[in-house]
Amino acid sequence: MTVTYDKLFIDGGWVAPTTDRRIEAINATTEEPLGSVPEASEADVDRAVQAARTAFDESGWATTNPTERAAALNRFADALEKRAELLTRSVSLQNGMPLSLSEQFEGGYAVALLRYYAALATSTENEERRPSPLGFDTLVQRSPIGVVAAIVPWNYPVVLAITKIAPALAAGCAIVLKPSPGTVLDSFILAEAAEEAQIPAGVINWVPGGRELGAYLVSHPGVDKVAFTGSTAAGRLIAENCGRLMRPVTLELGGKSAALILDDADLNKVTEGLYFASLANNGQTCMACTRILAPSSRYDEVVDAISAWMSSLKVGDPLDPSTQVGPLASAEHRNRVEGFIDKGRAEGARLVLGGGRPKDIDRGWFVAPTVFADVDNASTIAQQEIFGPVLSVIKYDGDDEAIKIANDSDYGLGGSVWSNDSERAMSVARRVQTGTIGVNGYVIDLNAPFGGVKASGIGREFGPEAMSSYQQLKSIYLPG
Ligand code: NAD
């Protein structure tokens with residue numbers, strides 16, 4: 001059965017799109033159609049931005065009591081929770097995410113984020129009277145920044161949308177959200193939840209479309225701030241436009257993170273933890289630790305342990321709860337990942353596992369779990385984001401060299417350090433140039449800032465820091 005939507009959610013209701021262009025959703029496992037939605041046009045974006053402008057400038061949303069904003073976010077959380085099964089299945093069907101992960105992130109984490117920012121909206125003081133050393137007081141005021149253009153990718157479409165919606169609404173902003181054409185069905189379920197939650201008209205609007213539409217939204221004169229998650233290449237173009245427009249922008253971009261396995265690590269614990277740290281969502285995860293740094297004293301042992309673990313993973317239908325590795329999100333993306341595997345071979349890395357499509361699966365965009373050993377950190381597969389189930393094991397001598405290799409990357413988003421001595425691991429973690437890093441595991445804490453350094457981005461999401469990024473500061477001097 002396919003799902004068809006005919007209208008767009010703009011200004012608190014379902015409106016007819018201005019063109020008849022559509023976006024098709026395809027099942028990543030069967031390659032069959034899942035449904036289709038209208039593609040928004042520039043005229044639809046104009047309408048959405050105008051609705052958000054009116055909600056922000058005139059409807060009073062920006063000046064509502066934080067308790068009312070919190071109540072709206074909690075109603076949204078309830079409406080999302082009711083639809084969690086539908087949402088998580090929809091994501092897994094579209095992008096191949098194993099259902100267990102989808103339930104955890106696209107369902108549970110998204111709901112938790114809405115409730116977290118609801119609580120933060122009411123507990124945050126937005127005015128602070130600060131004594132000046134010059135003998136008078138200053139009132140420092142935080143106010144919502146305005147209309148937000150939010151653009152998200154296809155890999156975690158629900159949680160990444162909520163990562164922007166929740167803090168923006170908690171701060172009092174209105175938002176126009178552009179989902180990726182790679183995963184569109186879920187955004188209509190989100191819109192249905194917003195409607196049921198009676199989020200005031202114009203406060204959240206959805207405009208599904210491709211990169212040209214995203215570029216149009218970024219530069220729209222009615223937008224006050226851009227919040228982007230996606231590739232570094234697109235992030236650079238968006239940053240250029242925002243620089244020209246002097247428009248605040250948050251950029252959550254790509255990564256090529258390292259797992260630093262120290263010479264005293266328990267390899268059983270490492271492989272258990274690497275499933276999320278390195279392979280979550282079939283490797284289609286921005287902070288995935290796909291460079292495995294192994295000490296020369298235990299190099300062969302690490303390569304064997306990683307290969308044995310990767311070959312034990314269950315590859316198959318993402319809706320089967322026992323599946324650990326599903327298909328990639330599109331045929332085009334699988335071709336890209338296979339191109340990197342060819343490049344790895346051509347540049348002299350030693351293929352120890354996988355390297356192609358799984359033998360017993362004849363449809364769906366699968367790539368078998370793949371391990372390269374003897375990888376040079378300067379090579380393409382060690383420097384570029386592959387975004388698939390492909391790990392590179394790189395040899396080092398001593399902790400200092402491990403840190404040097406980890407830092408020898410254009411990116412700095414995630415990372416992990418593995419050791420039986422947690423103090424030693426912590427001191428290594430402090431020296432890795434990255435926005436986030438885990439010790440003997442990798443988790444994402446919604447109460448702590450998440451984001452990247454270097455080409456992995458600018459700004460932070462999660463925690464109180466994300467809400468601050470949707471606010472502007474004003475100092476009111478009180479000398480009299
Ligand atoms: P992408 O950059 O191709 O597209 C992301 C979104 O931006 C899509 O909605 C797309 O339509 C839009 N877009 C593309 N070019 C644009 C432009 N010039 N102007 C405005 N909008 C534009 O990325 P993708 O392939 O959809 O997603 C995968 C990438 O996202 C990976 O690089 C991954 O690392 C990154 N990512 C980062 C994080 C993070 O938190 N740092 C999280 C998830 C994904």
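Not measured: the values here are computed from a predicted model. When a ligand or atom number is given, it counts from 1 through the structure's own listing order.
Residue Lys178 places at least one N or O, backbone or side chain, under 3.5 Å from an N or O of ligand 1. Residue-to-ligand polar distances place Glu385 within reach of ligand 1: an N/O pair is separated by less than 3.5 Å. For ligand 1, the polar-atom distance check against Val152 finds a nitrogen or oxygen pair separated by under 3.5 Å. Ligand 1 has no N or O atom lying under 3.5 Å from any N or O atom of Asn155, backbone or side chain. Ligand 1 has no nitrogen or oxygen under 3.5 angstrom from a nitrogen or oxygen of Leu237.
From the protein, the heavy atom lying nearest to atom 1 (P) of ligand 1 is Ser231 OG, 3.6 Å. In terms of protein heavy atoms, atom 24 (P) of ligand 1 is closest to Trp154 NE1, 3.5 Å. Gly230 O, 3.1 Å is the protein heavy atom nearest to atom 35 (C) of ligand 1. The protein non-hydrogen atom at the shortest distance from atom 14 (C) of ligand 1 is Arg211 CB, 3.4 Å. Looking from atom 27 (O) of ligand 1 to the surrounding protein, the closest heavy atom is Pro153 CB, 3.2 Å. Scanning the protein for heavy atoms near atom 36 (N) of ligand 1, the closest one is Cys286 CB, 3.6 Å.
For Met287, no heavy-atom contact with ligand 1 is shorter than 4.0 Å. Of the heavy atoms in Tyr156, none comes closer than 4.0 Å to ligand 1. Under 4.0 angstrom from ligand 1, the non-hydrogen atoms of Leu413 all belong to its side chain. Within the 4.0 Å heavy-atom criterion, the part of Leu253 lying near ligand 1 is the backbone and not the side chain.
Residue Phe450 approaches ligand 1 through these ligand atoms, each under 4.0 Å from one of its heavy atoms: 40 (O). In summary, the atoms of ligand 1 found under 4.0 Å from a heavy atom of Ala234, numbered by their order in the structure, are 2 (O), 14 (C), 15 (N), 16 (C). Which parts of ligand 1 touch Gly254 is read off a 4.0 Å heavy-atom cut-off, strictly below it: atoms 32 (O), 34 (O). For ligand 1, the atoms sitting less than 4.0 Å from at least one non-hydrogen atom of Gly214 are 19 (N), 20 (C), 21 (N), numbered in the order shown with element in parentheses.
In terms of the side-chain hydrogen bond (donor to acceptor under 3.5 Å, both in side chains) criterion, Thr124 has no residue partners (sequence neighbours excluded).
In this model, a donor atom of one side chain and an acceptor atom of the other lie less than 3.5 Å apart for Tyr156 and Thr285. Residues Gln94 and Asp186 bring a donor and an acceptor atom of their side chains to less than 3.5 Å of each other.
Protein heavy atoms are found less than 4.0 angstrom from atom 19 (N) of ligand 1.
The aromatic ring centroids of Tyr470 and Tyr117 lie 6.0 Å or more from each other. Between Phe56 and Trp61, the distance separating the two ring centers is not shorter than 6.0 angstrom.
Under the 30°/60° scheme for interplanar angles, the aromatic rings of Phe387 and His333 are found to stand perpendicular.
Counting all heavy atoms, side chain and backbone alike, Arg22 lies closest to Tyr5 at NH2-O, 2.6 Å. A pairwise comparison of heavy atoms in Asp6 and Pro17 identifies O-CD, 3.2 Å as the closest pair.
Using a 4.0 Å cut-off between a side-chain N of Lys or Arg and a carboxylate O of Asp or Glu, Arg53 and Asp224 qualify as a salt bridge.
Of the options Glu461, Lys225, Lys164, a side-chain hydrogen bond (donor to acceptor under 3.5 Å, both in side chains) to Thr250 is made by Lys225 and by none of the others.
In this structure, Ser92 contributes its side chain and Pro318 its backbone to no donor-acceptor pair below 3.5 Å.
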